[in-house]
S.K.: 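Sharing a structure with you now.
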Protein chains: 2
Amino acid sequence: MIKATSSNAANKAFLYQSCRINAALDVISGRWKALIIIHISEAQNRFSLLKAVLAPVSDQTLGRQLKELESSKLITKTIIAEVPVRVDYHLTEKGKALLPILQDLSEWNDR
Amino acid sequence: MIKATSSNAANKAFLYQSCRINAALDVISGRWKALIIIHISEAQNRFSLLKAVLAPVSDQTLGRQLKELESSKLITKTIIAEVPVRVDYHLTEKGKALLPILQDLSEWNDR
DNA sequence: CAGAATCCCTTGGGATACTG
DNA sequence: CAGTATCCCAAGGGATTCTG
């Protein structure tokens, strides 16, 4: 039959085809993603810095969200082979283009 | 101890306090909400009409999303006591203000 | 017509421990 | 320092059935 199991994926596909907005929302709807993007834009671009400002997040979750943002092409990851290894995150052009939209959203909700 | 159980709500509270964006994202991150808002703005503002354009959605889920949008003050619900009862949905000012932002998001993702 | 009630399953996110 | 591996739980969504 394949009913309950496939409907979830099928519905998702339907949404993607219906409107590009759904794809866009998917990209930014991770629980911490918007905040991660904002902090990276403000030079909080190291794993430990992010962990500090996003205090209650777990390593696992933070790592997952970063990986997803990277595969969505919103951020890039640069590994620097220093003594204690260091990793810098930076926004891509697409990531930067999202900032004013997030700003609009924030103002929208304040009204 | 209250650990695993309370952390979810605690993290959510943290996000809300950190930035207004999280509250805004919460409002529009239901799976069908963006599409519902768009269709209502285009006069597909009846339950059955919405169900038709959002083909694979279930009654239950559609009803839930509508109720959430209503309590977020994005749409209003008007019950008209005709022979087969009829219900009209309309966007509030806040709901209308969201449309251009959704448009921006859509264009952003197309780049 | 427009839902509410009930039940079930997938998924996102969290806790903890371990690694290059 | 910057993660990954495992395991687990709550919540969002979906299917189906029933109602004013």
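Below, chains carry the letters A, B, ... as their sequence lines are ordered, and counting in each starts from 1.
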S.K.: At under 4.0 Å, does any side-chain N or O of A:S7 touch on OP1 or OP2 of D:dG13?
M.R.: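 Checking D:dG13 against A:S7, no side-chain N or O comes under 4.0 Å of OP1 or OP2.
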S.K.: Less than 4.0 angstrom from a charged side-chain N to a carboxylate O is my criterion; do B:E93 and B:K96 meet it?
M.R.: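 A salt bridge links B:E93 with B:K96.
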S.K.: Is A:N11 close enough to D:dG14 that one of its side-chain N or O atoms is under 4.0 Å from OP1 or OP2 there?
M.R.: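 For D:dG14, OP1 or OP2 has a side-chain N or O of A:N11 closer than 4.0 Å.
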S.K.: Roughly how many Å is it from CG in A:L69 to C1' in D:dG3, rounded to a whole number?
M.R.: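 Result: 16 Å.
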S.K.: Checking side-chain contact (heavy atoms from CB on, under 4.5 Å) against B:L69, which of B:T76, B:T92, B:L74, B:I28 comes through?
M.R.: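 Output: one option passes, namely B:L74.
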S.K.: Take A:D59 and A:W32, find for each the nucleotide of DNA chain C with the closest heavy atom, and name the residue whose nucleotide sits nearer the 5' end.
M.R.: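 Going by which nucleotide is closer to the 5' end, it is A:W32.
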S.K.: Without decimals, in angstroms, what is the distance between A:L62 CG and C:dT16 C1'?
M.R.: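 Computing the A:L62:CG to C:dT16:C1' distance gives 16 Å.
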S.K.: Find the distance B:D26:CG to C:dG13:C1' and express it as a whole number of Å.
M.R.: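 Between C1' of C:dG13 and CG of B:D26: 14 Å.
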S.K.: Is B:R31 near enough to D:dG12 that one of its side-chain N or O atoms lies under 4.0 angstrom from OP1 or OP2?
M.R.: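 Checking D:dG12 against B:R31, no side-chain N or O comes under 4.0 Å of OP1 or OP2.
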S.K.: For C:dA4, does OP1 or OP2 lie under 4.0 Å from any side-chain N or O of B:K67?
M.R.: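 Yes, within the criterion.
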S.K.: Tell me whether B:S106 contacts the main-chain N or O of B:Q103 through its side chain, where contact means a donor paired with an acceptor under 3.5 Å.
M.R.: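 Not a single qualifying donor-acceptor pair exists.
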S.K.: What's the CD-C1' distance between B:E68 and D:dG13, to the nearest Å?
M.R.: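 After rounding, the reported distance stands at 10 Å.
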S.K.: Below 4.0 angstrom from OP1 or OP2 of C:dG3, is there any side-chain N or O of B:K77?
M.R.: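 True: B:K77 side-chain N/O within range (under 4.0 Å) of C:dG3 OP1/OP2.
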S.K.: Does A:R64 get its side chain close enough to the base of D:dG3, under 3.5 Å, for a donor-acceptor pair?
M.R.: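 Check fails, no donor-acceptor contact within cut-off.
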S.K.: Distance check: side-chain N/O of B:R86 vs OP1/OP2 of C:dA2, anything under 4.0 Å?
M.R.: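 For B:R86, the contact criterion (side-chain N or O under 4.0 Å from OP1 or OP2 of C:dA2) is not met.
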S.K.: Does a side-chain N or O from B:Q60 land closer than 4.0 Å to OP1 or OP2 of C:dA5, or not?
M.R.: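 So the side-chain polar atoms of B:Q60 never come under 4.0 Å of the phosphate oxygens OP1 or OP2 of C:dA5.
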S.K.: Which part of the nucleic acid, if any, lies within reach of B:V87 when heavy atoms closer than 4.0 Å are counted: base, sugar-phosphate only, or nothing?
M.R.: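 Touches sugar-phosphate only.
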S.K.: B:I40 has an atom CD1; how far is it from atom C1' of C:dA2, in whole Å?
M.R.: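 After rounding, the reported distance stands at 14 Å.
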S.K.: For A:T61, answer base if it contacts any base atom (sugar-phosphate contacts may also be present), sugar-phosphate if it contacts only those atoms, and nothing otherwise; contact means non-hydrogen atoms under 4.0 Å.
M.R.: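 Result for A:T61 = base.
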S.K.: May I have the distance from B:Q65 (atom CD) to D:dG14 (atom C1'), rounded to whole angstrom?
M.R.: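 Distance check: B:Q65 CD to D:dG14 C1' gives 11 Å.
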S.K.: Would you sort out whether B:W32 and B:L62 count as a side chain to side chain contact (heavy atoms under 4.5 Å, CB included), showing the intermediate values?
M.R.: CA-CA 8 Å; B:W32 305 86; B:L62 180 54; 5.9 Å; no
S.K.: Rounding to an integer number of Å, can you tell me how far B:I28 CD1 sits from D:dG12 P?
M.R.: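 The distance from CD1 of B:I28 to P of D:dG12 comes to 16 Å, rounded to the nearest Å.
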S.K.: Taking all heavy atoms of A:H90 and all of A:N45, pick out the closest pair and write down the distance.
M.R.: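 In this case the closest contact between A:H90 and A:N45 is CE1-ND2, 3.4 Å.
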S.K.: For D:dC9, does either OP1 or OP2 sit under 4.0 Å from a side-chain N or O belonging to B:N8?
M.R.: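 Result: no.
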S.K.: Given A:L66, which partner from the list A:V87, A:T61, A:I75 fulfils the side-chain contact (heavy atoms from CB on, under 4.5 Å) test?
M.R.: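 Considering A:V87, A:T61, A:I75, a side-chain contact (heavy atoms from CB on, under 4.5 Å) with A:L66 is found only for A:I75.
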S.K.: With a 4.0 Å cut-off on heavy atoms, is B:K12 in touch with a base, just the backbone sugar-phosphate, or nothing at all?
M.R.: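 Touches nothing.
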S.K.: Whole angstroms only, please: what is the CZ-P distance between A:F47 and C:dT19?
M.R.: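 After rounding, the gap between these two atoms is 17 Å.
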S.K.: Looking at C:dC1, I'd like to know if its phosphate oxygens (OP1 or OP2) sit under 4.0 Å from a side-chain N or O belonging to B:Y89.
M.R.: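 B:Y89 to C:dC1 OP1/OP2: no side-chain N or O under 4.0 Å.
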